[in-house]
Amino acid sequence: MKTVIFFTGNLHAGGLERFVTRVALAAVKTNAFYPIIVCLKKKEGIFLSELELNGITVLDAPLGWQRSVWSLLRLRRMIKDLHPAVVHSQVN
């Protein structure tokens, strides 16, 4: 099954966060693909427990990834280790 990584800031109440949650839940329900959500700010928010209860992996990006070359390289390594078919960003 293909893996799709979704980048989002966090999982607080918002349109993009709700979209990612709905797509991830539908993907698991229909076996369309395996979603993994990577929170670029912090792994928190109202949608987190619902995703985890449905077996969807939610990860934190390495701390300081946007300010440190070493943290950015750790984020790159994390992505490569997950072997995604698609990486979809929900942030600017």
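Computation of the quantities below employed the complete heavy-atom set of this structure, encompassing side-chain atoms and omitting hydrogens, waters and symmetry-equivalent molecules.
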Heavy-atom donor-acceptor pair, Trp65 side chain to Leu40 backbone, under 3.5 Å
yes

Does any pair with a residue in residues 16-37 pass ring-ring contact (aromatic ring centres under 6.0 Å, His included), and if so which ones, sequence neighbours excluded?
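For residues 16-37: none.
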
At what distance, to the nearest 0.5 angstrom, does [atom1] of [X] lie from [atom2] of [Y]?
X: Arg76; Y: Ser71; atom1: CZ; atom2: OG; value: 14.5 Å
X: Lys42; Y: Leu63; atom1: NZ; atom2: CG; value: 10.0 Å
X: Lys41; Y: Asp60; atom1: NZ; atom2: CG; value: 13.0 Å
X: Met78; Y: Leu73; atom1: CE; atom2: CG; value: 12.5 Å
X: Phe47; Y: Thr21; atom1: CZ; atom2: OG1; value: 5.0 Å
X: Leu48; Y: Leu53; atom1: CG; atom2: CG; value: 9.0 Å

Check for me, please, whether Leu72 and Val38 land in the same ILVMFWY cluster - side-chain distances under 4.5 Å, paths through other members count.
yes

Transitively linked via ILVMFWY side-chain contacts under 4.5 Å: Val86 with Ile79?
no

At their closest point, which heavy atom of [X] faces which heavy atom of [Y], and how far apart are they?
X: Asn54; Y: Val28; value: O-CG1, 4.0 Å
X: Phe6; Y: Pro35; value: CE1-CB, 4.2 Å
X: Ala13; Y: Ile46; value: CB-CD1, 3.6 Å
X: Val58; Y: Cys39; value: CG1-SG, 3.9 Å

Checking side-chain contact (heavy atoms from CB on, under 4.5 Å) for the pair Lys43/Leu59: CA distance, chi angles, key distance, verdict?
CA-CA 7 Å; Lys43 180 179 147 179; Leu59 303 170; 5.9 Å; no

Mind checking what makes side chain to side chain donor-acceptor pair (under 3.5 Å) contact with Ser68, not counting sequence neighbours?
none

Pairwise salt bridge (charged side-chain N to carboxylate O under 4.0 Å, His left out) hits with a residue in residues 8-33, at least two apart:
none

Among Ile5, Leu51, Val23, which residue meets the side-chain contact (heavy atoms from CB on, under 4.5 Å) test with Ile37?
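Among Ile5, Leu51, Val23, the one that satisfies the side-chain contact (heavy atoms from CB on, under 4.5 Å) with Ile37 is Leu51.
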
